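Report on the following structure.
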Amino acid sequence: MKKKEERSGARALVESLEKAGVEVLFGYPGGAVLDIFNQLPEAKFRFVLGRHEQGSAHMADGYARATGKVGVCLVTSGPGATNTITGLATANMDGIPMLLITGQVPLSQIGTDAFQEADMSGICRAVTKHSFLVKSADEIPETVAEAFYIATHGKPGPVVIDIPKNCQQAMTKAQYPERVSLRAYHPESSASTAQINKFAKLVNEAKKPVIYAGGGVIASGAAKDVAFLAHKAEIPVATTLMGLGSFDERDELSLRMAGMHGTPAANWAIDEADLIIALGVRFSDRVTGKLSAYAKKAKIIHVDCDAAQIDKNVSVDLGIIGDIKDVLTTVSSRIKSAKHPEWLKKIATWKKTHPVSWKVMHNGVIMPQQVIEAIDKATKGKAIVVTDVGQHQMWATQFFRHNRPRHFLSSGGMGTMGFGIPAAIGASFGDVEHPVVAICGDGGAQMTFEEIVVAVEHKLPITFVVINNGCLGMVRQWQQLFYSKVYSGSILTVKGRLHNEHLEQDLKYDYLPDIVKLAEAHGAKATRVINPEKLDGVIKKAVTSGMTNVIEVIVEPRANVYPMIPAGKHVSEMYFK
């Protein structure tokens, strides 16, 4: 390690982040990180002040999802650090590269229950890829380099660096290392010749193959390789929620999303397939349903950079630990050009007879699916779409045509309400070329609405669309279908609008808080839409304005997400209405 001029640990940290290529740092100050904040005015990167540590963590996450770079967040000790746990868990479940830097009480006070002391190494163990507790200023540069390496090599994930205050204040000559070599961490792996040959043999012999693409395809930059394989061997492609955009849904080979709220064609194709080529997926319960009955007719190839995922939920015939892009590049020359006309004809029939669609329930009332279609139309499919979690999230998967990687950002495995607003802000800082639209429900929006002011402050061209149905829609849907219509804790309206037989005009402003007034109080331009005829125009005007806009859309509260495969059930038990 090179040693040059002496400076404080805090200054060494800022220099290390600069060396690592950090462009934006999200965060919130506090006593245990004031030495670091004192250095930020001179930093070469931009600092963005969130309004809550959870929001700041989601901003870093959104930035990472939109760019593929490491999202970085800085918070203080104690509650500042613990407030980020949800953000860490969200990034960890979805494999998002993130670095969280937390302040800590001085080393001499650790274990004394000092003011705002929290054992971050212990607390975050289950929701991070790795964590460091710095014990001297000399460790800071190398620790930062190692953290970036761990966050981005193998399956991406969040890493925490906990820095005691005395280490920030101590002087050091330590410099950022030119290269990183970790004795106990070597995640790189590649397929053997035998594995590649077996991969090709299984594909060449298949009569009803399906590619099942997940977030790992996007993380590895392998979308074009998936498309090449699909077209060469004429293989239809289904995706996971995290894999949306890994294959162009306008392509005739697209099955769109599979799973609980996926398309019938995708789910039936997987059930009927004789070969599933699973690329960068976890075989989540939201996709497999009843595990004992999942894809019983198929041989399964599973390629993933994370060895822990192979044979974890679904037993496979060929498991390959490696980078998806590398594997597909190697195997492509061994795969023969092929046609599967009968298979594609059957799939085309499923698509035609069971399309994902919607119909008006009450004249003059906006259907939530209309809102997604209006956004797709207004942005011409070129926006970065960020969702919160709930019914609107699933409608966004169904009624927006996903055509490229890193354009659809959503909390998948953790299902984190409150993700949408701050993640959209992070995405907007990361990608300035595309408009950003955040699609939220009225429940999730109220969890992190305070971050709207950050978008206003920085004049970010984000359109926040709040689909307001006066309830926690997905909870309400499950209560309707599986809990005898006992709507306990899921109704957000003042008068319980959901129970009215007909939608009356005087109930359309029945919601609290007033989202429009709340948005205006944060400095955003805000509009409420009730009339279906005005929806397209309002959304188009907002997304082309170049300003921060909040659009509250009052929608039909009884609309449900269909199709739906109940949790733990087989595709044969799919609900259509």
Side-chain angles (χ1 to χ4, degrees), residues 22-30 33 36-37 40-41 43 45-67 69-76 79-80 83-84 86-88 90-91 96 98-101 383-388 409-411 416-440 444-466 513 515-526 542-543 545-552:
V22 172
E23 299 169 333
V24 185
L25 172 66
F26 304 92
Y28 203 90
V33 285
I36 300 172
F37 271 81
L40 293 185
F45 49 79
R46 188 176 190 177
F47 174 71
V48 177
L49 175 65
R51 293 303 187 269
H52 191 283
E53 290 89 356
Q54 179 181 339
S56 296
H58 289 324
M59 289 178 198
D61 183 322
Y63 174 91
R65 292 180 197 242
T67 65
K69 302 174 183 177
V70 177
V72 187
C73 181
L74 168 66
V75 300
T76 193
N83 278 345
T84 66
T86 297
L88 290 171
T90 300
I96 306 303
M98 223 172 91
L99 171 60
L100 173 68
I101 301 166
I384 292 179
V385 174
V386 186
T387 79
D388 213 274
L409 316 182
S410 192
S411 171
T416 304
M417 288 180 67
F419 173 84
I421 289 174
I425 293 170
S428 187
F429 277 107
D431 187 334
V432 298
E433 295 182 4
H434 297 95
V436 176
V437 179
I439 305 172
C440 305
Q446 291 181 61
M447 290 187 171
T448 50
F449 201 90
E450 74 281 347
E451 305 300 346
I452 292 284
V453 73
V454 179
V456 174
E457 282 181 340
H458 293 274
K459 298 181 173 59
L460 300 180
I462 306 176
T463 301
F464 299 94
V465 180
V466 180
I515 297 294
V516 170
K517 289 181 179 178
L518 192 58
E520 290 174 342
H522 285 72
K525 181 175 175 56
V543 299
S545 70
M547 300 170 58
T548 303
N549 282 266
V550 175
I551 301 174
E552 178 191 27

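What you see below is based on every heavy atom in this structure, not just the backbone, and it leaves out hydrogens, waters and symmetry mates. These figures come from a predicted structure and were not determined experimentally.
- Pairing each heavy atom of Ser545 with each of Asn549, the nearest pair is OG-ND2, 2.9 Å.
- For the pair Ile421/Cys440, a side-chain contact is recorded, criterion being any heavy-atom separation below 4.5 Å from C-beta on.
- Residues forming a salt bridge (Lys or Arg N to Asp or Glu O under 4.0 Å) with Glu451 (at least two apart in sequence, or on another chain): none.
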Can Ile425 and Phe464 be said to form a side chain to side chain contact (heavy atoms under 4.5 Å, CB included), step by step? CA-CA 10 Å; Ile425 293 170; Phe464 299 94; 4.1 Å; yes
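- Glu23 is linked by a salt bridge (Lys or Arg N to Asp or Glu O under 4.0 Å) to Lys69, counting only residues two or more places apart in sequence or in another chain.
- Heavy atoms only, all atoms of each residue included: Met98 and Ala91 are closest at SD-CB, 3.8 Å.
- Side-chain contact between Leu100 and Val75 is present, with at least one heavy-atom pair separated by less than 4.5 Å.
- Applying the side chain to side chain donor-acceptor pair (under 3.5 Å) rule to His434 yields the partners Asp431; only residues at least two apart in sequence or on another chain are considered.
- Taking the side chain to side chain donor-acceptor pair (under 3.5 Å) definition, one finds that Thr90 meets it with Thr416, sequence neighbours left out.
- Gly62 and Leu409 get closest at one heavy-atom pair: O-CD1, 3.8 Å.
- In this view, Phe419 and His58 satisfy the ring-ring contact (aromatic ring centres under 6.0 Å, His included) rule, not counting sequence neighbours.
- Between Leu518 and Pro513, the shortest heavy-atom contact is CD2-CG, 4.3 Å.
- The main-chain N or O of Ala57 is never found under 3.5 Å from a side-chain atom of Asp61 such that the two would form a donor-acceptor pair.
- Residues passing the ring-ring contact (aromatic ring centres under 6.0 Å, His included) test with Phe26 are Phe429, sequence neighbours excluded.
- Every ring-ring contact (aromatic ring centres under 6.0 Å, His included) that His522 has, sequence neighbours left out, goes to Phe449.
- Closest of all the heavy-atom pairs between Gly80 and Glu53 is O-CG, 3.3 Å.
- Between atom CG of residue Leu74 and atom CZ of residue Phe37 there is a gap of 4.5 Å, rounded to the nearest 0.5 Å.
- Only one option out of Met447, Met59, Glu450 pairs with Pro422 in a side chain to side chain contact (heavy atoms under 4.5 Å, CB included); it is Met59.
- With sequence neighbours left out, the side chain to side chain donor-acceptor pair (under 3.5 Å) criterion links Thr84 to no other residue.
- For the residue pair Ala427 and Val386, the shortest heavy atom distance occurs at CB-CG2, 4.4 Å.
- Residues forming a ring-ring contact (aromatic ring centres under 6.0 Å, His included) with Phe45 (at least two apart in sequence, or on another chain): none.
- Judged as a salt bridge (Lys or Arg N to Asp or Glu O under 4.0 Å), and not counting sequence neighbours, Asp388 has no contacts.
- Contacts classified as salt bridge (charged side-chain N to carboxylate O under 4.0 Å, His left out) and involving residues 515-526 (residues at least two apart or in different chains) are not found.
- When side chains are defined from C-beta on, Thr448 does not count as touching His52, because their heavy atoms never get closer than 4.5 Å.
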Run the side-chain donor-acceptor check on residues 452-462: report pairs under 3.5 Å with partners two or more places apart or on a different chain.
{"unit_1": "Glu457", "atom_1": "OE1", "unit_2": "Arg51", "atom_2": "NH2", "d": "3.3"}
{"unit_1": "Glu457", "atom_1": "OE2", "unit_2": "Arg51", "atom_2": "NH2", "d": "2.4"}
{"unit_1": "His458", "atom_1": "ND1", "unit_2": "Arg46", "atom_2": "NH2", "d": "3.3"}

